[in-house]
Protein chains: 2
Amino acid sequence: MNKQPKYRQVADALRREIDNGAYPPGSRLPSESELSTRFEASRNTVRSGLNALVSEGLISSSQGLGYEVRKHEVFELNASRFENLTFPQNGDAYSTDVTNAGRRPSQTFRVEMTPATAYVADRLKVALGSTTVLRFCHRFVDDVPWSTQATYYPDWLAKQAPRLAEPGDIAEGTTRYLAAAGIEQAGYFDEIATRMPTPDESRLLDVGAGVPVLLWTRTGYADDRVIRCTITTFRGDLNRMNYEIGTLPDRNGDERP
Amino acid sequence: MNKQPKYRQVADALRREIDNGAYPPGSRLPSESELSTRFEASRNTVRSGLNALVSEGLISSSQGLGYEVRKHEVFELNASRFENLTFPQNGDAYSTDVTNAGRRPSQTFRVEMTPATAYVADRLKVALGSTTVLRFCHRFVDDVPWSTQATYYPDWLAKQAPRLAEPGDIAEGTTRYLAAAGIEQAGYFDEIATRMPTPDESRLLDVGAGVPVLLWTRTGYADDRVIRCTITTFRGDLNRMNYEIGTLPDRNGDERP
DNA sequence: TAGTGGTCTAGACCACCTC
DNA sequence: AGGTGGTCTAGACCACTAC
């Protein structure tokens, strides 16, 4: 006989009921004291079970309100089209994508000079701690924190293209501005990873326990030189990345009925 | 004054010490009762703090042994080279990659006929519940569970290429076998997402709390037909995916000193 | 004010590992 | 045997939300 601990039985029973649709996304679970009666367990034991489901990302809780089944709506980002080398888009790809999806984008933006961390220095091929220009975006969709994006430029490039280090927006887009300055991005290297958020990331993206982040690092090259390194941190529950490679049939919105 | 709850103070203090290197990766934390004395908190409160760090993926615990700082070694998978259309590799790309990294790959393998789930049916463009061939791999590196890979083929293709549904390995590789049968993959569509593992996935990949999974879905096309859908589930703490797009300078191992 | 979850305690017993 | 974490309880008080 393989007896499970009681808190796990609670978690399993509730998970099954959520999967079955007994508690649809957005609905509320019974209160801790009700569950405590139902499972003949102390409140603390029930809490352990609920906690497990929170860590799985299945439910969330808020003080005074109760436990709610999480709803998952995903936003797709086409990374191979995002910055297409042959068909560059006009303006900001993020705003366009979000607006096209019928949502309202907003962002805060800042520029600063900052010493390169090991991770960034490695990719930009500059010395650890050497100066870089950081252009940082904190992005929202319908006022929900969605992602952060930090782009680092090496010092030598900022000297060649001084507007990079100026606080304002670059209206025509940085890629286009750099191209006009004779720096044309010929290719990029993408790295994708996942992990649980740091406390800082939890704060910026407003995620609780049970939601991982999706980390996307794009290193851009012009000839043999690295011209930038962009680190995007997504809420894992709200985002998905796509790549199209080779020849594909047309998929003109037929996937979104 | 912004007083934090005690269990969070415990978590923050320990996280800081881990970040500082006071407890390097692989080392053990003091026992719960020692921490209980140090922080003047009950054992349960200390446990809450430790639990938070477990959920962040920073530490892990095992009965009778204590808490250990997790070490992170990542395995990189180059998804744009993985199945290069112009320079196909010989044999199994996974085994080659792992062996090249000086590690020992192993896997279990099975083939079955199974009705298409909504997710798979959507991608294969077949009816929900219609028959598909599933070729499933459970992969290990040095006997550590690493990833699972499930490839679904539509029924019509299995009729055209009958060895797909046979239980054994396909020595020359399925891509090559299909090409010989006149089915040449011309392109693919990749989707990448992350979430916390389901209980099934936790079991197969042997991950505890605080480790998300990285989900990679590759849908392969030949002309306008979908010929397969491969769903790979990685342990998020051990894997990273890469894409090379456009022209890049040679990076012949110079990144791995 | 009543009900919800959030924090904390003190103590008990069990399961696992090392010696 | 002695130390570690894992489970569970009963009860207390606090903070937030709703009405």
Side-chain angles (χ1 to χ4, degrees), chain A residues 1-14 18 23 26-70 199 202-203 206-211, chain B residues 1-14 18 23 26-70 199 202-203 206-211:
Chain A
M1 181 55 191
N2 204 336
K3 194 177 180 311
Q4 290 271 41
K6 206 186 274 189
Y7 82 95
R8 204 175 285 276
Q9 295 175 29
V10 172
D12 290 345
L14 292 173
I18 291 169
Y23 301 107
S27 67
R28 268 192 46 195
L29 255 45
S31 72
E32 292 179 348
S33 57
E34 287 178 86
L35 294 171
S36 175
T37 309
R38 169 178 162 194
F39 289 104
E40 293 179 329
S42 79
R43 190 183 155 218
N44 282 337
T45 301
V46 167
R47 279 179 66 81
S48 294
L50 289 164
N51 211 351
L53 298 184
V54 170
S55 290
E56 286 173 30
L58 207 61
I59 63 177
S60 63
S61 71
S62 29
Q63 214 169 31
L65 285 176
Y67 291 85
E68 183 173 315
V69 180
R70 293 179 57 94
S202 295
R203 197 172 31 78
D206 189 26
V207 289
V211 178
Chain B
M1 180 53 191
N2 204 337
K3 194 177 178 311
Q4 290 272 43
K6 206 186 273 187
Y7 81 95
R8 204 175 285 275
Q9 296 175 29
V10 172
D12 290 345
L14 291 174
I18 291 169
Y23 300 108
S27 67
R28 270 194 43 196
L29 256 44
S31 72
E32 292 179 347
S33 57
E34 286 178 89
L35 293 171
S36 173
T37 310
R38 171 178 160 195
F39 289 106
E40 294 179 330
S42 78
R43 188 182 156 219
N44 282 336
T45 301
V46 168
R47 279 180 65 82
S48 293
L50 288 164
N51 210 351
L53 298 184
V54 170
S55 290
E56 286 174 27
L58 208 61
I59 64 178
S60 63
S61 71
S62 29
Q63 213 170 31
L65 286 174
Y67 291 83
E68 183 172 315
V69 181
R70 294 177 57 93
S202 295
R203 196 170 34 76
D206 190 28
V207 290
V211 178

When the distance from CD of A:Gln4 to C1' of C:dA15 is rounded to whole Å, what number comes out? 15 Å
Report the nucleotide, chosen from D:dA10, D:dG5, C:dT9, that has the shortest atom-to-atom distance to any side-chain atom of B:Glu32. D:dG5
What pair of heavy atoms forms the shortest contact from A:Arg28 to A:Gly66, and how long is it? NE-CA, 4.3 Å
Please list, pair by pair, any protein nitrogen or oxygen found under 3.5 Å from a nitrogen or oxygen in nucleotides 14-19 of chain D.
{"residue": "D:dC16", "atom": "O4'", "partner": "A:Gln63", "partner atom": "OE1", "Å": "3.3"}

Need one value for B:Ser33: base, sugar-phosphate or nothing, where a base atom within 4.0 Å counts as base even if backbone is also close, heavy atoms only. sugar-phosphate
To the nearest angstrom, the CG-P distance between A:Asn44 and C:dG6 comes to 12 Å
Is the base of C:dG6 touched by the side chain of B:Arg8 through a donor-acceptor pair closer than 3.5 angstrom? no
From the options D:dT4, D:dG6, D:dC8, select the nucleotide whose nearest atom is closest to the side chain of B:Ser61. D:dG6
Return the minimal non-hydrogen interatomic distance between B:Val10 and B:Phe39, and the atom names on each side. CG2-CG, 3.7 Å
Residue list, salt bridge (Lys or Arg N to Asp or Glu O under 4.0 Å) with A:Asp12, at least two apart or on another chain: A:Arg15
What's the shortest heavy-atom distance between B:Lys3 and B:Gln9, and which atoms? NZ-NE2, 3.7 Å
Heavy-atom nearest pair, B:Glu32 first then B:Arg47, reads OE2-NH1, 2.8 Å
For a side-chain contact (heavy atoms from CB on, under 4.5 Å) check, start with the C-alpha distance between A:Ile59 and A:Leu14, then their side-chain angles and the critical distance, and finish with the verdict. CA-CA 10 Å; A:Ile59 63 177; A:Leu14 292 173; over 6 Å; no
Tell me: CG of B:Asn51 to P of D:dG6, nearest whole Å? 9 Å
Name the closest nucleotide to the B:Arg43 side chain, picking from D:dG5, D:dC13, D:dC8. D:dG5
Distance below 4.0 Å between A:Arg47 side-chain N/O and C:dG6 OP1 or OP2: yes
Look at B:Ser62 and C:dC17 and indicate whether a side-chain polar atom (N or O) is within less than 4.0 Å of OP1 or OP2. no
Please check the phosphate of D:dG6 (OP1 and OP2 only) for any side-chain N or O of B:Tyr67 closer than 4.0 Å. yes
What are the two closest heavy atoms between A:Ala13 and A:Arg38, and how far apart are they? CB-NH2, 4.4 Å
Among residues 34-42 of chain B, which ones have heavy-atom contacts with DNA chain D below 4.0 Å? none
Might you point out which heavy atoms bring B:Arg70 and B:Ser60 nearest each other, and give the distance in Å? CG-N, 3.9 Å
Evaluate B:Asn44 against A:Asn44 for side-chain contact (heavy atoms from CB on, under 4.5 Å), listing each step before the verdict. CA-CA 11 Å; B:Asn44 282 336; A:Asn44 282 337; over 6 Å; no
